[in-house]
Amino acid sequence: MEMDGYDAETYLRLRAEQSLLAGGSCQVDYRLAGSARALAAVGVIDIELARRVVEDYTRARVLRGRYDTHPTAVTRSALAAPRRIVGCGHVINVTVGRLTVRYAVFDPAETRLALTLTLDDAQEPDPVEDHPAAETTETNPAITVTDDRGTSVTSSDLSVESDSEREWRGFLTLRPALNPGTRWIELLGERVEFPPDHPDLTVTIENFTDADAMDRYLAQCLTAVGNQPQSDSIGPAIEALRVAGLLEHHGVSEMMMFYQALRGPGPVAVKDEPWRSLSARRGATGGPRGTLLLGVTTPRFGGISVTLLDLVSADGGFRCGFELGGPADLGTHHDPGLSGTFVTFAGLDDRGNFYLGDTDEDECVGGGGTASGTLSFWPALDPQATRLDLIVTTDRARALINVPLTWEDTP
Amino acid sequence: VTSAWWAGLPPIEEWISGAADNHRIRWSDGELSLLDHDDPDGEFLLAALGGEQCPCLRILDAWQRHRVDLYVLLLGSRGAADPLDMVRMTGGQTHGPRPTSAPPGGPSGPRPGPRFTAAVGPRPRGAAGAAHAGRPLRHRGGGSSGQRFGYTPIPRQDALAMLLSLPGGLPIRLVATVIAVWAERIADGDAQVAAVRPALQAALYGRAVAALRAWLGSDLSIDVRLADVPAASRGRGGDNVVVELPFSWLRDVWVRGFAVLAGRFCLTARQNGPDDWTFTAVDPDFGEPARFRLRTW
């Protein structure tokens, strides 16, 4: 048999054999999944065939007693239904400090209140268990909330995370839902008013053509590892595309330089945007401090929809609360089933500065029909910027959410 | 002399537990046989009607269905350094233990002829096949698509896990059967080969690399390529090895345990007669392949 010519399935299977013989404890060969995804993304192999190879070798690994798995970065939640997201900013004084109701999400099935607890200076930090990122599920306080129709609901879930030792952010979830149109709620003995709904942000969907599929895919990989430069999810993609003879032109070499820069300590001279501005401003601080309500849900694109809840800017970067609908692969460890839409997040301000966003996969939780979490963007927002496009990219299309940087408060 | 593909694979007999009694299952000359069942077809029919089914029958049926299944090569061991997790595969169940006293003529002694036979592997062209005792299964030769009336086969993954966790040398003999089928199809220019060429190459690659690593150590870069004519060479720097092998190397050399003999890596093995073999092999310096003959008495 003549086998000298390149064949993507053969490449994947031999790659999988090498990994199988190398041992390890993971039941999924994530490097293989990364290679398979890359080759499928650029059209070198059919996605179904690539998936079958990964699944075949996952089975072979399980039969060798390899059980470990990475935390999943894949969500399989329902597409977001239309709902009302309204800002608030009401502050309630509580025993340990101040509780701010940042905004509320009124869904037909549940109501979520976004809260920030800021401890008084006299309080010992660490009021919630012993770890900043700990979720409180078993020690939830029972909090009853009433809407303007007199409907009272006791909280069913409270999840929190911390930005610092003295500030905790989280969601109070109420099921069943309060009146979606309520103008106020009663919470901890106070009436919390909601202002009129703010105007919608502009969302633009741009569909991709088949051209430049490889550049886009690698850019997505780079974006996905931007906050975790030691993650190796891009390495297998690069290697697979190199063996396929596809990594030759200038744009790719610029990306590779940026990738190496991410993995190393020092700056590197990259000429092409967006990698140039990212390299130049890597580690930049001095971002404005402020909060914006976004409250925007994209239409369905690339098989997913995304809701961006709020934007919180601080000295070293900015964060967005988000919810994601549809099968989504967030990229840090590729979905071994290759079934999710590869989703990445970035930003571009009106001064030409680029930002990379990443999810903390441990924070991205599915459940209740929606996956949600926090996107962390770097570097710090340019204080001179007045508008920001938040960019959600899939392999087929991208959504641009245009955000005027008009800060609502200064936490 | 064209040897049968099962030459060099001695007959084995194993005990299968799980039914009311332990039963014997035998493999010889490329065939799997049940020694303690007179009418497997009848028992299959009874099982389809709700009767109890002996584990032997499930094994026999699964063997028959998967004797051409390349998934056997994907899941099966690549060699001694690649053990399967039997606990995982069997859910903690084993096919043993054997009876404390083997019946007369039991596993290591003379064996009675099989009363029922299934899972016939490919036969070397021009060679007389072994005589087959017993009646054939109705779906004999049907590969994985055979279907008995009213009988629901075990799902593929479960069946393969069961077969690859059989005791003793049965799993490697199933692997040998699948290899022999596909080696013959390649030789025949079978149209099915093209579609599964990557899987065939991977099956060869994994097993040859495992053998070469065991022979040379793991520091070398080893490349195994599918080729019509076997060859082996070491790169200029000495830190990489390129070995070219036909798929039939698995059948002729690897399955028989000849991959590394007398400190050499075997490229070919040819049977001259009973217990008389000629090998082509390379030394670790990867010089010109040398032929040597091995006879046992």
Side-chain angles (χ1 to χ4, degrees), chain A residues 1-29 31-33 35-36 39-40 44-69 239-240 242-244 336-338, chain B residues 70-79 81-90 156-157 160-161 164-165 171 182-183 185-187 189-190 193-214 218 221-228 244-248:
Chain A
M1 286 187 292
E2 180 58 50
M3 291 299 295
D4 289 339
Y6 173 81
D7 174 76
E9 184 190 353
T10 303
Y11 169 80
L12 290 177
R13 288 190 181 276
L14 299 193
R15 174 76 194 69
E17 289 288 333
Q18 291 169 358
S19 178
L20 196 67
L21 294 174
S25 60
C26 266
Q27 73 171 229
V28 175
D29 182 349
R31 291 183 60 85
L32 177 68
S35 299
L39 293 173
V44 176
I45 189 171
D46 178 73
I47 184 73
E48 291 300 326
L49 179 55
R51 179 182 298 135
R52 192 158 69 240
V53 173
V54 176
E55 288 174 350
D56 281 354
Y57 279 91
T58 298
R59 178 69 182 164
R61 295 172 75 84
V62 168
L63 290 187
R64 283 150 177 82
R66 298 170 194 174
Y67 309 132
D68 293 352
T69 56
E239 176 64 12
R242 185 190 65 75
V243 172
L338 306 185
Chain B
L70 281 175
Y71 221 60
V72 170
L73 305 189
L74 181 112
L75 298 180
S77 171
R78 273 61 171 168
D82 179 41
L84 303 188
D85 181 348
M86 293 303 167
V87 173
R88 176 75 177 198
M89 294 173 69
T90 62
R156 185 190 197 193
Q157 302 288 359
L160 292 176
L164 291 171
S165 61
W182 284 98
R185 288 181 177 179
I186 291 168
D190 191 315
V193 170
V196 296
R197 187 168 289 165
L200 294 171
Q201 184 167 357
L204 171 71
Y205 179 91
R207 287 164 177 81
V209 167
L212 286 160
R213 285 210 188 290
S218 58
S221 167
I222 297 173
D223 188 11
V224 173
R225 299 171 185 170
L226 200 56
D228 292 332
E244 297 181 333
L245 297 169
F247 184 81
S248 57

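Order of the sequence lines sets the chain letters (A, B, ...), proteins ahead of strands, with each chain counted from 1.
Contact annotation for A81(B): neither backbone nor side-chain heavy atoms come within less than 4.5 Å of a heavy atom of chain A. Only the side chain of L21(A) comes within contact range of chain B, with at least one heavy atom under 4.5 Å from a heavy atom of that chain.
Within the 4.5 Å cutoff, the side chain of D82(B) has heavy atoms near those of the R64(A) side chain. Using a 4.5 Å cut-off on side-chain heavy atoms (C-beta onward), E17(A) and V209(B) make no contact.
Atom CG of L63(A) is separated from atom CG of L75(B) by 5.5 Å, given to the nearest 0.5 angstrom.
Taking each heavy atom of D7(A) and P198(B) in turn, the nearest pair found is OD2-CG, 3.5 Å. Taking both residues in full, the closest heavy atoms of A161(B) and R59(A) are given as CB-NH2, 4.1 Å, listed atom of the first, atom of the second, then distance.
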